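Notes follow once the structure below has been shown.
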Amino acid sequence: MSPSEDCRVFDIQRFSIHDGPGIRTTVFLEGCPLRCAWCQNPESFVSDAARAMTPAAIVAEVLRDRDFFAVSGGGMTVSGGEPLLHLAPVRALLAEAKRHGLHTCVQTSGAVPSENVAAVLGLVDVFQFDLKHMNAERHRALTGATNERILRNATLLVERGATVQFRTPLVPGVNDDEENLNALAQFFTGLGITTMELVPYHRLYLEKYASLGLRAPREDLEPPSPSERRRAAERLRRDGVLAHVDPHE
Amino acid sequence: MSALHPKNAAQKERLLRAEHWLCMERARYYTEAHRETEGQHPSLRAAKALARVLEKMTVRIEPDELLVGNRSTKLIAPPIAPERGDFTFVFEHLFDELRAFGYRIEPHDERVLFDELIPYWRGKTVRDAKIAALESHQLSSKLDLSPGEVRRKLRSFGVRKLVRLVDEDTPETLRARAVRAGRLALELPRLVRAVRAGAGDNLKGRGRCTDTQAHIVLGHKNVLRLGFSGIREQARTRMEHARDDGERAFLESVEIVCDAMRAFSERFAALARTEASAVADPERRAELEGIADACSRVPWLPPRTFAEAVQSMWFTQNAAIISYGAGSGITPGRVDQLLFPYFEADLASGALTRAHALRLLEELIVKLNNNVVIWPNLGGAKLNHLGSDVENITLGGVDAHGNDATNELTHLFIEALANTNLATTASFRVSQKSPREFVRQVVAIHRRSNSPAFLNDETAIAALVRDGYALEDARQYCLVGCVEPSGNGDTYGATGGSKVYFPTALDMVFNRGRTTFFGNRDGVDTGDPSQMASFDEVLAAFYRQLDSLVEWVTEATNLRDAIWAERFHNPLISSTIDGCIDNAKDMTAGGARYNFGAVGGGGLGTVVDSLAAIRKFVFEDRVVTMAELGEALATDFRGREALRQRLSSGPRFGNDLDEVDSLARELVARFCAKVRSRKTACGGHYKASLISYGLNVYEGALEPATPDGRRAGEPLSNSMSPSNGAERRGPTAALSSLARIDHTAIGYGNSVNMRLPVGLLATEKGVDSAAHLVRAYFDKGGFHLQFNTADSATLRAAQRTPDAYADLIVRVSGYSAYFTRLGRRIQDDIIGRTELA
Ligand code: SF4
């Protein structure tokens, strides 16, 4: 295994149950092309938080929970940061996981070259794909990049038959307006997607910034109230998109 | 899911509001008869004494009851067995604590207690005889406990910690603290006396051997099948072949208790008839007439209906607890299996509806919760009062042929547990053949009730077979006490009571056979610790000390068991247990088909972390020498805080670390093998357990600082669980560590309490995941798992405003308990448990 396939890992979390089916171990890889105003993983771009690990070492660690995956239909989730940012290591990691028969899930923002997405297609059982905002300009204001490439990758995955779970962080005053929800619903309908997940924004992560000596970009954001969650979900349902809001988040 | 039947809701309300009383009826009548039978065979003495109690004690029928049978004059008043000596010890030394805790006593009873009972029993109890036997066999600790010495010890142990144990309030203000200090100064001389008296049965090396045995699964199966009339008949038949006076006396005593049971239930029948004629409400009249019918039949005759079967069980259960006294772990066993045939037949004939069956089960569960316990320990009830004695019910699992035995009644019990939402100790047997949804359904009860325990059939049955059970018998196992697997009405196993603490063995390595707290000079000298050149040498010394502890505690337990066998029989319980009538011998004398003894091991997590710390910091990293470490431990890390923190940063059990887990694996295997090599007085062998009964807080109070950085007096790790705060990598890592231990070697079980992440069970995915944890852990060989679910914020809120959280339930090491009724220290311990994930 060449050093170029070493992964920069900033955390490995066991008993993750909100990152795909069953009981999972989530591997967090460093690096992200975006800078979301509400990013909950600032470690992903503070480079000294991560350590280099070979895919074999990571998978060996993940396999310690193999018995828990077996009974629950779980497996390994690769998250970030943006796990598809550095293709060689993540592809090696996924290939190694597959060699051991692990179920794999990738959490992506889609903000990577389409080749990267296409290159891991056969190695990923489920993609969890974040759509943060449908308006290109607003998207840039919120994350530092427009969303054309993201929407293209979403389309590519669906058209190539991948299993994709779309998720939108629900941030009041940022992306829960009528216009954005409308555009979201239309995009899904166009792709034949009928279910998605709304992930309510929460503020617990702000502690993390403090502990890393960083300032959170937007400390003013508030979590959605129950009625705001309900309203957003109902708006999507009107267009035939069943939005699931996890009450645990 | 349904709601609790209104009549049961009323009974539950009364139970929760009931005052706690000390009632002397059982003690008084037993003593009265005992005085009259001087010189007779112990079986006959016990039979006559019980017959006297059942004949004379007050019988009551409460409003709303369908099942009748009281234990004492008050709704909550434990039947007191003065012959054991544990109760009388508490009354003599800690009566004020009991009063302060809220126990009440009628003036007449108080006079009887202090003027008649305590003087009569002085020198005659099991406890007195046990202490004398331990002394004459050089098994009691050679304590140097002058009051001054005790005070010095208390001080060196951080008297503040002990004060907190003794004193419930945690004062927030300076003034309150001053008041408390003043009170302590006044109390100290008395407490010192209590400590000295309580230490009278302290074994060499600080082992524990309680006064009681019990912890037994009743032979309800035999009572249901034969009735006491049939059991009496068996005794008569066996009498024809009686070989000696001893056999004759035992068989005669069985006949006496069978007749006494008949007369006892007839008293209730008569009372029900009288009440029926006086009641205006036709519905209640019909109920009372039904009660009268049932009581004039069961438990004397086999039940004809489901309602009679439940009534029969309740009578037998009650009478057994009266006969043995409270706090004895008298276990009903596999209630869903025992009652199912009656349920099925009545449903088929149309004599019973599901709703009525549910009402009866709910009432049975409410009644199982009126059993309180008084612990004869330092600090008494304040410290260890856990709400209820355990009458563990076993549900689910496989049948004698190995097929899944989960039935409709199992599910009805689940519903009844959820509806009653009390601190019932319920054990769910899970096998590879259990319905796929079974575990999930039980996990889901957490939303409405306390956390039930899961037991792994494959592991438990393998352990029982390994200990000598026939496979068919092993498959019928029931859980006794907290989590001890034992035979179904065929075993005299005394699963609780004798115990050693792993950290003591390590303490004795550092002190060449002495213990820091008591300073006993009676242990093995394993050499100068500062000269130990390798970790293996330390480990070898540790095992030598541990082996001695096991030898002493088993020897002591055999001496105690001989006292029971010679003086205090229990023909009632014996008559229900397979083997006793065939052998014409009381269970205490070896009459049962299977005989075992138990030795518990405490503080596994603490000692494994300590050994791992010694290996790493003394022998690998060389940051401290054995001599320095010994010195730091002896002074409770005074002036060595940096070292203490370093030590606690070491690798911990419960994090899926091979090198630490293998220490635990080896330790448990060696301990179990050593325990197993010891023979009981009745010809069986001892079986090991790793359970704390919620006592790990108390146990830690007398344990000095440990090399894992734990300060003197802090709690030990609980049961087999990792130390508090040690689990840092979530439940799957903790369970992986635990599963590396061979659970089939731990004959009397182990318990693992896992606090689930806050709110996990709020989602379907969370419920699924908890169920998957159980399944995967059991696939890996785990024996027992139970979850606590309340989050620490809730628990803290409950500490601040207990009234608002009166029904908040937690599991403490196999027990269920009301959180707000627990001592402050135990509450803090529960809050301190690792919040996983
Ligand atoms: S895509 Fe995710 S990791 Fe990257 S900045 Fe946005 S929230 Fe953070």
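A quick note: this is a predicted structure, and the numbers were derived from the prediction, not measured. Order of the sequence lines fixes the chain letters, A, B, ..., with proteins taken first and strands second; residue numbering starts at 1 for each chain.
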Ser769(B)/Arg24(A) under side chain to side chain contact (heavy atoms under 4.5 Å, CB included): CA gap, chis, key distance, verdict: CA-CA 10 Å; Ser769(B) 300; Arg24(A) 314 189 68 81; over 6 Å; no
Under the side chain to side chain contact (heavy atoms under 4.5 Å, CB included) test, residues paired with Ala243(A) that sit two or more places apart: Met196(A), Leu198(A), Ala233(A), Leu236(A)
Pairing residues for Arg740(B) by the side chain to side chain donor-acceptor pair (under 3.5 Å) criterion, not counting sequence neighbours: Asp656(B), Asp658(B), Asp661(B)
Minimum heavy-atom distance between Lys765(B) and Gly22(A), given as atom pair plus value: NZ-O, 3.1 Å
Proximity of residues 167-175 of chain A to chain B, residues having a non-hydrogen atom under 4.5 angstrom: none
Contact leader toward chain A among Arg775(B), Lys780(B), His772(B), where contacts are heavy-atom pairs under 4.5 Å: His772(B)
Gap separating the CG atom of Leu773(B) from the CD1 atom of Ile23(A), nearest 0.5 angstrom: 4.5 Å
Separation of Arg14(A) CZ from Ser736(B) OG (nearest 0.5 Å): 5.0 Å
Side-chain heavy atoms of Ser72(A) within contact of Asp768(B), under 4.5 Å: no
Side chain / backbone / both / neither for Asp67(A) at chain B, heavy atoms under 4.5 Å: both
Spatial distance of atom CG (Leu735(B)) from atom CG (Asp65(A)) [nearest 0.5 Å]: 9.0 Å
Gap separating the OG atom of Ser737(B) from the CZ atom of Arg64(A), nearest 0.5 angstrom: 8.0 Å
Salt bridge (Lys or Arg N to Asp or Glu O under 4.0 Å): pairs with one or both residues in residues 428-439 of chain B, sequence neighbours excluded: Arg429(B)-Asp457(B)
4.5 Å side-chain heavy-atom contact, Phe68(A) and Pro731(B): no
